[in-house]
Amino acid sequence: MHFCNRHVRREPPGINLSFRPVLHTLTLIIFAISTISSVRAQISQDEVPAELQFLTTGDYDTWTPPEDIAKNYPYYLSGFDDQNRPIWVLEFGKWDIRSGLLKDEEHEKALDKHIDQATWNFFNSTGLRASAEAPIKEFIVLIDADGYNLQQLNSVKTVSFVARKLALITIATRFASSVYVVNVNFLAERLLSILKPLLGKEFEKFLIFGTNTNKYIPRLLRDLPKDQIPE
């Protein structure tokens with residue numbers, strides 16, 4: 001599944017953001033050169049939920065994940081909607097978390113931090129196009145479950161890890177205007193059914209769609225620019 005990144009390609013000029021493996025690094029560059037580089041600029045520290053306060057004291061602005069983690073667990077800033085809210089895409093269906101957890105403890109910790117950094121970037125990105133006259137405190141998340149497979153669902157350790165990290169992401173979506181989950185096959189639907197009781201009331205904000213693009217694309221077009229919709 002391919003997501004367009006036309007908005008991102010215009011910032012900064014001269015950088016080819018269609019090369020997906022470097023999107024994570026380029027996102028960090030955008031944050032570094034932005035005049036609004038702290039989550040406190042749009043979302044005050046007091047507003048950050050208690051469960052996520054640890055993000056405000058970490059090195060998530062400067063930390064770079066190992067190359068294999070950035071490549072194998074992709075997420076990226078896709079663009080902005082017509083209200084300048086950032087749109088984040090998580091290609092969750094490609095995340096082979098089970099294999100990652102079979103590696104050493106250091107790799108598992110890096111994967112854990114990589115996902116926490118994604119959550120931090122959701123918050124921090126609200127300042128990218130904000131101004132004093134038009135503050136922005138919301139973001140949009142689009143989770144693509146295309147490729148989710150039985151191997152992930154058959155591992156208790158993997159499901160437990162996903163539950164813990166998705167719970168934190170779900171808490172962060174208190175500041176999301178919308179959360180879309182697309183290409184949800186039977187196995188991904190089963191995972192969400194297992195996790196739903198653990199995710200709290202914020203999970204009610206998640207709009208979940210199956211694999212039929214003829215059904216979910218018209219719905220997404222109500223809220224998102226056409227060039228931010230899966231092709």
Side-chain angles (χ1 to χ4, degrees), residues 1-3 5 19-29 31 51-52 54-55 57-78 88-125 141-173 176 179-199 203 206 208 211 230:
M1 183 64 61
H2 173 66
F3 292 84
N5 301 289
F19 185 55
R20 190 164 296 176
V22 300
L23 279 170
H24 181 89
T25 300
L26 291 170
T27 296
L28 295 179
I29 292 173
F31 288 140
E51 300 91 335
L52 300 176
F54 71 94
L55 295 175
T57 59
D59 61 345
Y60 299 101
D61 275 334
T62 57
W63 181 75
T64 301
E67 183 178 353
D68 64 322
I69 286 181
K71 177 181 178 181
N72 294 327
Y73 305 93
Y75 74 91
Y76 55 91
L77 177 63
S78 177
W88 287 91
V89 173
L90 279 71
E91 296 187 341
F92 177 73
K94 296 180 178 179
W95 292 14
D96 186 356
I97 292 177
R98 181 172 184 171
S99 294
L101 297 181
L102 291 175
K103 298 183 179 181
D104 57 30
E105 183 178 354
E106 181 178 354
H107 188 275
E108 181 176 340
K109 288 181 178 179
L111 176 57
D112 190 286
K113 188 170 184 177
H114 176 63
I115 299 172
D116 288 341
Q117 187 179 54
T119 306
W120 168 260
N121 286 342
F122 297 165
F123 282 138
N124 225 15
S125 63
V141 179
L142 200 162
I143 301 173
D144 184 6
D146 186 32
Y148 186 80
N149 58 62
L150 185 61
Q151 183 182 18
Q152 306 302 312
L153 192 60
N154 272 350
S155 166
V156 173
K157 183 177 181 179
T158 300
V159 172
S160 177
F161 180 90
V162 171
R164 180 166 57 85
K165 303 315 295 182
L166 186 57
L168 294 179
I169 291 175
T170 302
I171 291 169
T173 61
V179 182
Y180 306 96
V181 190
V182 301
N183 293 314
V184 176
N185 59 26
F186 171 76
L187 297 169
E189 184 178 11
R190 179 59 179 159
L191 173 69
L192 292 174
S193 297
I194 293 171
L195 300 184
K196 183 177 180 179
L198 308 174
L199 298 179
F203 187 70
F206 285 52
I208 300 171
T211 58

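- Electrostatic pairing of Lys165 and Asp116 counts as a salt bridge here, judged by a charged N lying under 4.0 Å from a carboxylate O.
- Contact between Leu111 and Leu101 at its shortest, heavy atoms only, is CD2-CD2, 4.5 Å.
- A donor and an acceptor atom, one from each side chain of Asn124 and Asp61, are located under 3.5 Å apart.
- Distance CD/Glu91 to OH/Tyr76: 4.5 Å, rounded to 0.5 Å.
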- Message: Would Lys113 and Ile69 count as a side chain to side chain contact (heavy atoms under 4.5 Å, CB included) here? Give the steps.
- Response: CA-CA 10 Å; Lys113 188 170 184 177; Ile69 286 181; over 6 Å; no
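- The CZ atom of Phe92 sits 5.5 Å away from atom CG of Leu191, with the distance rounded to the nearest 0.5 Å.
- Looking at every heavy atom in both residues, Ile194 comes nearest to Leu153 through CD1-CD1, 4.2 Å.
- Leu55 and Tyr60 get closest at one heavy-atom pair: O-CD1, 3.6 Å.
- In this structure, the side chain of Gln117 engages the main chain of Trp63 through a donor-acceptor pair within 3.5 Å.
- Separation of atoms CZ (Phe122) and CD1 (Ile169) is listed at 5.5 Å; rounding is to 0.5 Å.
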- Can you check side chain to side chain contact (heavy atoms under 4.5 Å, CB included) on Lys157 and Leu102, steps first, answer last? CA-CA 10 Å; Lys157 183 177 181 179; Leu102 291 175; over 6 Å; no
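- Annotation: the span from Ile143 atom CD1 to Trp95 atom CH2 amounts to 8.0 Å, rounded to 0.5 Å.
- For the pair Gly100 and His107, the tightest heavy-atom approach, listed with the atom from each and the gap, is O-ND1, 3.2 Å.
- A search for ring pair (Phe, Tyr, Trp, His ring centres under 6.0 Å) contacts involving Phe161 returns nothing, not counting sequence neighbours.
- What you find for Leu192 and Val184 is that their closest heavy atoms are CD1-CG1, 4.4 Å.
- Remark: the backbone N or O of Tyr148 is paired with a side-chain donor or acceptor of Asn185 at under 3.5 angstrom.
- Within a 6.0 Å sphere centred on CD of Glu67, other residues, nucleotides and ligands contribute 12 heavy atoms or fewer.
- Atom CZ of Phe54 is surrounded by more than 12 heavy atoms from other residues, nucleotides or ligands within 6.0 Å.
- The backbone N or O of Ala70 sits nowhere less than 3.5 Å from a side-chain atom of His114 that would complete a donor-acceptor pair.
- Taking both residues in full, the closest heavy atoms of Thr170 and Leu199 are given as CG2-O, 3.4 Å, listed atom of the first, atom of the second, then distance.
- With no hydrogens or angles considered, a side-chain donor-acceptor pair links Asn121 and Tyr75 at under 3.5 Å.
- Ser155 contributes no side-chain N or O that, together with a main-chain N or O of Gln152, makes up a donor-acceptor pair within less than 3.5 Å.
- By the 6.0 Å contact criterion, CZ on Arg190 is open, its count of non-hydrogen atoms from other residues, nucleotides or ligands being 12 or less.
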